[in-house]
Amino acid sequence: MSNQKEFRVLSPTAILGYGFPESSFKKGIERKPHLIAVDAGSTDPGPFYLGAGKPFTDRAFVKRDLRYMIKAGVAKNIPVVVGTAGGSGASVHLEWCRQIVLEIAQEEKLSFKMGVIPADVEKQRVKQALAEGKISPLACVHELTESMVDETTYLVAQIGTEPVADALEAGCQVVLAGRCYDPAVFAALPIMKGYDPGLALHMGKILECAAIAATPGSGADCALGTLTEDSFILEALSPKRKFTCESAAAHTLYEKSDPYHLPGPGGMIDLEKCSFSDLGDGRVEVKGSRFVADETYRIKLEGARPIGFRSISIAGTRDPIMIANIDTIIDEVRQQLGEMAQENDQAQGLFFHVYGKNGVMGPLEPQKETGSHELCIIIEALCPTQAQADTLCSVARSTLLHYGYEGRISTAGNLAFPFSPSDIGMGKVYEFSLYHLLETGDEKLFQVRVEELVNGELVKES
Amino acid sequence: MKKSILEAAKVIRSKNAGPFELTFDIIFKNAEYFELFKSRQIINEEKMAELLQIKREDIIGIVWFAPANAVKITIKRPMPSGAPGETDIYGAQQHAPLLKIEF
């Protein structure tokens with residue numbers, strides 16, 4: 001067991017770039033944390049950000065958050081670990097985040113060692129694994145094919161604690177990891193120091209959302225986790241919030257399919273014997289979380305591939321006759337477009353999002369009749385090229401605008417457009433092509449690149 | 001007389017559990033309501049399939065989680081997050097049908 005009696009981890013914010021109050025962060029630093037860690041990404045914003053290699057957080061705010069973390073970390077010799085850099089964690093996102101760190105180092109004249117861990121996986125490696133039967137889809141996911149791998153623009157793995165530990169072993173003050181299992185950035189260092197992996201990972205699972213797991217929850221406020229030999233303690237750092245047994249336990253449910261068994265790289269956190277107890281003062285102690293290693297080491301692969309281009313048009317209607325017959329009108333417009341289009345299948349990429357009726361739930365909306373006096377209609381065209389999408393969107397818009405539906409008395413136009421131009425080209429559209437497990441066994445797939453900064457200047461790479 | 005689930009629950013929410021699954025959480029106000037709903041199996045596969053207008057085989061699991069006085073219902077996402085025809089990338093606004101549950 002560790003020499004230290006406890007290991008404190010400061011989680012400043014739920015996602016790097018969401019921000020946090022300076023007062024909470026300062027209070028966290030006053031508690032002398034052994035680690036400052038943050039999760040910088042998610043698949044939640046959808047496949048575009050991974051597929052296009054774009055961040056989903058704002059650069060200025062990512063820099064603002066990182067400046068606090070890195071300045072405090074370097075000044076007080078506290079390791080700073082960032083997971084899923086750039087939001088989706090491919091090499092392009094990692095480099096985006098690295099450039100921000102370099103800027104901060106230069107502006108603040110900081111000296112430190114930085115570990116950079118790309119989480120990309122070679123397509124060839126994945127195709128070989130596919131041929132060897134070492135790839136399996138996660139629940140509800142399609143079977144993978146070679147062509148899906150080929151069409152994938154960015155292909156990453158959710159790395160575990162091991163590569164992060166390698167960087168910390170190498171003495172890195174700042175660690176930037178590509179796509180990373182959320183709890184790993186919080187758990188790698190305490191596990192290295194001999195703390196229980198089940199507790200460390202479960203604590204990481206809660207801290208990765210920072211104060212979201214407190215009450216009232218916030219994604220833009222700090223949380224502190226303290227690992228002991230047989231438990232961990234959670235507390236908020238703003239007087240406005242506290243952890244309660246319910247808030248901590250409820251967070252264990254969040255975005256998971258089974259709250260008792262949380263799978264990750266190389267194994268799962270088993271919470272069947274987990275207990276939460278209230279220590280008072282807004283602190284909650286958690287015990288009994290266990291890590292159960294898998295027989296074969298497996299990691300999750302993520303990838304996205306382009307599927308076409310999108311154009312949209314946003315409009316409203318206030319006509320009660322049109323509103324009462326909107327489904328029929330849209331069906332008839334579709335039919336007319338289908339007859340007009342030379343390639344009929346192109347019209348299949350046409351969607352009408354009818355807000356005020358079923359825009360949020362689509363065909364699963366149980367309330368079939370709208371009670372609204374106005375509707376918002378978003379026309380969406382999804383086609384193989386941008387020009388085709390623009391054409392389909394434009395023709396669908398003009399057809400719906402002047403469609404002479406049954407019973408119409410408002411004959412000047414069916415739609416109210418808030419904007420000119422009315423149509424917006426949205427560019428390339430992606431879908432998740434990989435969400436599969438890869439058996440890696442003992443193979444070490446991810447390497448740390450160590451960089452040395454002196455007074456803000458990059459002096460050496462190894 | 002039947003009562004609305006809003007009397008018994010303080011949180012009713014939906015969210016992606018990864019891009020291919022959608023998960024619903026109902027967090028009860030206290031352990032008594034949790035036990036009541038659990039013992040009477042008011043939340044069950046048949047009821048969920050009917051409320052959500054999905055096939056029973058698309059329900060991946062219903063787990064009762066006592067530490068949070070909560071029940072979690074996980075289903076196959078109607079389509080993968082961001083697929084053509086998507087209406088809710090994060091899956092955070094698909095909970096409304098559960099507000100109709102009575103006990």
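In the text below, chain A, chain B and the rest are named by the order of the sequence lines, each starting its count at 1. The shown structure was predicted, so the numbers you read here are calculated from the model rather than taken from an experiment. Basis for what follows: all heavy atoms, side chains included, without hydrogens, waters or symmetry-related copies.
In this structure, the portion of A:Glu365 lying under 4.5 Å from any heavy atom of chain B is its backbone and not its side chain. For A:Phe48, no part lies under 4.5 angstrom from a heavy atom of chain B. In this structure, the portion of B:Asn69 lying under 4.5 Å from any heavy atom of chain A is its side chain and not its backbone. For chain A, the nearby parts of B:Lys76 are the backbone and the side chain; heavy atoms of each come within less than 4.5 Å. A:Phe432 touches chain B through backbone and side chain together, each having a heavy atom under 4.5 Å away.
We find the CG-OG1 distance between B:Asp25 and A:Thr252 to be 10.5 Å, quoted to the nearest 0.5 Å. Taking CE of A:Met361 as the start and CG of B:Leu52 as the end, the distance is 7.0 Å to the nearest 0.5 Å. Between the OG atom in A:Ser42 and the OH atom in B:Tyr90 there is a gap of 7.0 Å [rounded to 0.5 Å]. If you take OG on A:Ser257 and CD1 on B:Ile60, they are separated by 6.5 Å, rounding to the nearest 0.5 Å. Note: B:Thr87 OG1 to A:Ile378 CD1 = 11.0 Å, rounded to the nearest 0.5 Å. With rounding to the nearest 0.5 Å, the separation of CG in B:Leu22 from CG in A:Leu364 is 9.5 Å.
The number of heavy atoms from other shown groups lying within 6.0 Å of CD (A:Glu272) is above 12. No more than 12 heavy atoms of other residues, nucleotides or ligands lie within 6.0 Å of CD in A:Glu369, so this atom counts as exposed by the packing criterion. Within 6.0 Å of NZ on A:Lys242 lie no more than 12 heavy atoms contributed by other residues, nucleotides or ligands. For NZ of B:Lys55, the number of neighbouring non-hydrogen atoms (other residues, nucleotides, ligands) closer than 6.0 Å is 12 at most.
Between chain B and the options A:Gly46, A:Ser247, A:Gly362, A:Ala250, the largest number of non-hydrogen pairs under 4.5 Å is found for A:Ala250. In terms of heavy-atom pairs under 4.5 Å with chain B, the best-connected choice from A:Leu138, A:Val141, A:Val429 is A:Val141. In terms of non-hydrogen atom pairs under 4.5 Å with chain A, the most contact-rich of B:Ala83, B:Gly85, B:Pro80 is B:Gly85. Between chain A and the residues B:Ile54, B:Val11, B:Asn16, the most heavy-atom pairs under 4.5 angstrom are made by B:Asn16.
Side-chain atoms of B:Gln94 come within 3.5 Å of backbone N or O of A:Val360 as a donor-acceptor pair. The backbone N or O of B:Gly18 lies less than 3.5 Å from no partner atom in the side chain of A:Tyr435, so there is not a single donor-acceptor pair.
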Subject >> Steps toward side chain to side chain contact (heavy atoms under 4.5 Å, CB included) verdict (B:Phe20, A:His142) >> reply: CA-CA 10 Å; B:Phe20 293 85; A:His142 52 265; 4.0 Å; yes
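Counting heavy atoms from C-beta on, the side chains of A:Pro366 and B:Gln53 come closer than 4.5 Å. Put simply, the side chain of A:Pro45 does not reach to within 4.5 Å of the side chain of B:Ile89, judged on heavy atoms. Annotation: side chain of B:Ile27 is not in contact with side chain of A:Glu246 (no heavy-atom distance under 4.5 Å).
The two residues B:Glu21 and A:Ala139 have their closest heavy-atom pair at OE2-CB, 3.2 Å. Of all non-hydrogen atoms in B:Ser81 and A:Pro47, the two that sit nearest each other are O-CD, 3.5 Å. For A:Leu253 against B:Ala68, the heavy-atom pair with the smallest separation is CD1-CB, 4.2 Å. Closest heavy-atom contact between A:Tyr260 and B:Ala66: OH-N, 3.6 Å.
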